[in-house]
Amino acid sequence: PPAAVATAGLVIRAAAARVLGLRPGPCGGDMQPIWVTEPGNGKISFNLDGSSRSPFPKEDAALEALLDAVQRETDEICRKDVAISVVELPRSEAEAKYGQGIYDGRNTAPGDAVRLAYLPGGALVELAPGWSLCASAGACGRIAFARGAEEGKKADTLILTKKKQASVRFSVQVDAAAAPKELRGAAPSAEEAKALDDGAVKVQVEGVDFGDLVGAKAATNGAAPEQAEADKEFVVTAHEVSGKIDYEKLIRDFGSTRINKDLLERIERLTVGKGRVPRLHHWLKREIYFSHRDMETLCKLLEQGKPFYLYTGRGPSSAALHFGHLVPFLFTKWLQDAFNVPLVIQMTDDEKFLWKGEYDVEKGDNLSHYQHLTIENAKDIIACGFDKKKTFIFSNLDYVGTMYPNIVRIWKSITYNTAKGAFGFAGESNIGQSAFPAIQAAPSFPSSFRVPLGGDDNMCCLIPCAIDQDPYFRVTRDIAHKLVPKSHPLGGKPALIHAKFFPPLEGATGKMSASNENSAVYLTDTPEQIESKIMKHAYSGGRDTAKEQKEKGADLAADVAYQWLRFFLEDDEELERIGREYGSGQGEYWNTGAVKKRLISELQRMVKEHQERRSKITDEEVRSWMEVRRLEF
């Protein structure tokens, strides 16, 4: 085949392996030579016998979702445009180092030497005799799948579950030439090749691995019209979150990386394996924290004995925190314990005044109100159980002078057009709002904390946050090299680990808001208030009648009580049982009422324990956490 078509075949093969749980070599990759009559086109087929997706989906909607995911993964590989290596090794050496996974089992070339094509992160496979490849994965431009079929004909891109076969017909955007050198680049290590050949599902697919099946009818109740409207589209920006969130699309749009099995195992070795925590956090296992930037590099640094620091924050908009506010702090507390690292917590009292502050002719402005909320919110944060010796809490209004040199450098580095594009500033935005992103970015750099962090300007930063905060730090990462020494391991870029949104009570879309009391359960609520809110306002994924519920079971993805239990019920076996029984309409938890009662008891327990811890924290104690001091780590 032409080099561009052959390259596209390798990229699709890698993408299909990641989505369908295949070994790139043994799954095959037979090409039909349709490029002879239709230049720039090809058709590739895979054997699904070895798929680790078990059971493999059979519903048409799920199969279409898988093909959509293969197209997205193909696009992502092309976007990264990594260089493709072609190496030649003695066959015995290649087999000893990489095993039989380099072969498809049918078309092994004769001879004592073997040519291998290596697509980093995608595939290591034997290259057929006479085939040549482009220099990089993106050289052929976009690889477009031909989807759908003419009336009365079978589609060319499809999955045949009975035959255990998948086929993709495609076209390349650019008829790129082969790389100038036939052999180039380096062969992967045995460990790198093993990771490619493990046959694991590396891409989670909505409608198959989580969420509702595409086209499935959602359960209905009193809130159904609003839920249906929210399903149509979603918005995620630094200041707005609404609609039913497509997290796979967010990963593509934001350019982050899904947390995969290999990374989870590495984190587990560095935390549980060191005896600091008893188990991997259930939010990681349940993919509530699902996406990241540069976590692999931080793990590598820890393996070398080099610590990083954590950075999180809180915008004090209300005196009481709700459970949505609690999520990042509970996870950050686990990260601090698990990795044994220092933490800085930014209280953005300035931000809340800039967006929500008021001025009264008689009383003046209410900036002091947000200073007061900082102290009150800090009590809730401290009650989460952080290690005081390793934690520095600071108010922007107090500490901004220390960070000011870095803030000025960030202002200098970012154009206003960039800021407008990232944060949506308009003519009516006050100039403080336009300037604020630099203040939120400054704690990403260790030179903002010379005393707390001991003056190590090469220290890396990890920011756990909901994914709507990613735009702030994408812009920060673009200019980060200007604020650190050249020796900084990440070039100054903060690493991030992203959470999905904690859903409001009225429906599992968007995120919880403190401005809507019925969407939230607060840490100040009484047991009676908690029960009332859950019973009255928690959107149900249960069916309209008991008969229908017992026949069909609940829509777990839409049911708020179940989704909240995914956050707060740590017992995996109990959660699995609740999901199984509620989703099938059978057993103790067959109906909405039983699931809501289980959630109520868990929330009441958590609030009671939190209130007890918080009641012991005085204003003086808060100020001691906010003292500028050297942290112990």
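FYI, the numbering just counts along the sequence from 1.
Taking the six-membered ring for Trp, Tyr311 and Phe449 have ring centres at least 6.0 Å apart. Two rings, from His322 and His325, have their centers less than 6.0 Å apart. Taking the six-membered ring wherever Trp is involved, the centroid distance between the rings of His281 and Phe331 falls below 6.0 Å. Ring centroids of Phe323 and Phe502 are separated by 6.0 Å or more, keeping the two rings apart.
With hydrogens and angles ignored, the 3.5 Å screen pairs a side-chain donor or acceptor of Gln71 with a backbone N or O of Phe145. Judged by distance alone, the side chain of Gln336 and the main-chain N or O of Asp387 form a donor-acceptor pair under 3.5 Å. Under a 3.5 Å cut-off, the side chain of Gln433 and the backbone N or O of Leu354 do form a donor-acceptor pair. Remark: side-chain polar atoms of Asn458 are paired, donor with acceptor, to backbone N or O of His488 under 3.5 angstrom. With hydrogens and angles ignored, the 3.5 Å screen pairs no side-chain donor or acceptor of Asn366 with any backbone N or O of His369. Looking only at distances, a side-chain donor or acceptor of Arg286 sits under 3.5 Å from a matching main-chain atom of Arg566. Between the side chain of Ser85 and the backbone N or O of Tyr118 there is no donor-acceptor pair closer than 3.5 Å.
For Asp470 and Ser256, the side-chain atoms include no donor-acceptor pair closer than 3.5 Å. Under 3.5 Å, the side chains of Gln469 and Gln440 contain a donor-acceptor pair of N or O atoms.
The closest side-chain heavy-atom distance from Asp380 to His610 is below 4.5 Å. When side chains are defined from C-beta on, Leu462 does not count as touching Leu496, because their heavy atoms never get closer than 4.5 Å. Two residues are said to be in side-chain contact when any heavy atoms from C-beta on lie closer than 4.5 Å; Ile251 and Thr257 fail this criterion. For the pair Thr391/Leu631, no side-chain contact is recorded, criterion being any heavy-atom separation below 4.5 Å from C-beta on. Cys465 has its side chain within reach of His498: a pair of non-hydrogen atoms, C-beta onward, lies under 4.5 Å apart. Between Pro316 and Thr348, some side-chain heavy-atom pair lies under the 4.5 Å cut-off. Contact check for Ile382 versus Trp625: side-chain heavy atoms found under the 4.5 Å cut-off. Inter-residue side-chain proximity for Pro452 and Tyr309 is flagged as unmet; no heavy-atom pair is nearer than 4.5 Å.
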Could you pull out all donor-acceptor pairs under 3.5 Å where a side-chain atom in residues 299-308 meets a protein atom, sequence neighbours excluded?
| residue | atom | partner | partner atom | Å |
| --- | --- | --- | --- | --- |
| Glu303 | OE1 | Arg266 | NH2 | 2.9 |
| Glu303 | OE2 | Arg266 | NE | 3.0 |

Salt bridge (Lys or Arg N to Asp or Glu O under 4.0 Å) for Lys249 and Asp246? Distances and angles first, verdict last. CA-CA 5 Å; Lys249 186 174 188 300; Asp246 181 344; over 6 Å; no
Evaluate Asp75 against Arg252 for salt bridge (Lys or Arg N to Asp or Glu O under 4.0 Å), listing each step before the verdict. CA-CA 9 Å; Asp75 292 342; Arg252 296 195 306 274; over 6 Å; no
Show, in sequence, the C-alpha distance, side-chain angles and deciding distance for Asp294 and Arg477, and conclude whether the salt bridge (Lys or Arg N to Asp or Glu O under 4.0 Å) test is met. CA-CA 11 Å; Asp294 290 319; Arg477 286 165 60 89; 2.9 Å; yes
Salt bridge (Lys or Arg N to Asp or Glu O under 4.0 Å), that's the test. Do Asp619 and Lys379 meet it? Break it down for me. CA-CA 8 Å; Asp619 290 3; Lys379 294 176 182 177; 2.7 Å; yes
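Note that CZ of Arg269 is 11.0 Å distant from CG of Leu264, once rounded to the nearest 0.5 Å. Put simply, CD on Gln346 and CG on Asp349 are 9.0 Å apart, with the number rounded to the nearest 0.5 Å.
A pairwise comparison of heavy atoms in Thr374 and Met626 identifies CG2-CE, 4.2 Å as the closest pair. Across Ser444 and Thr476, no two heavy atoms sit closer than the pair OG-CG2, 4.1 Å. Taking each heavy atom of Lys202 and Ala195 in turn, the nearest pair found is NZ-O, 3.4 Å. The two residues Ser447 and Asn406 make their nearest non-hydrogen contact at OG-ND2, 2.9 Å. Closest approach of Leu119 and Val11 over heavy atoms only: CD2-CA, 4.2 Å.
More than 12 heavy atoms of other residues, nucleotides or ligands shown are found within 6.0 angstrom of NZ on Lys388.
Ring geometry for Trp283 versus Tyr289: interplanar angle under 30°, hence parallel rather than tilted (30 to 60°).
When Lys500, Arg72, Arg258 are each tested for a salt bridge (charged side-chain N to carboxylate O under 4.0 Å, His left out) with Glu248, only one passes: Arg258.
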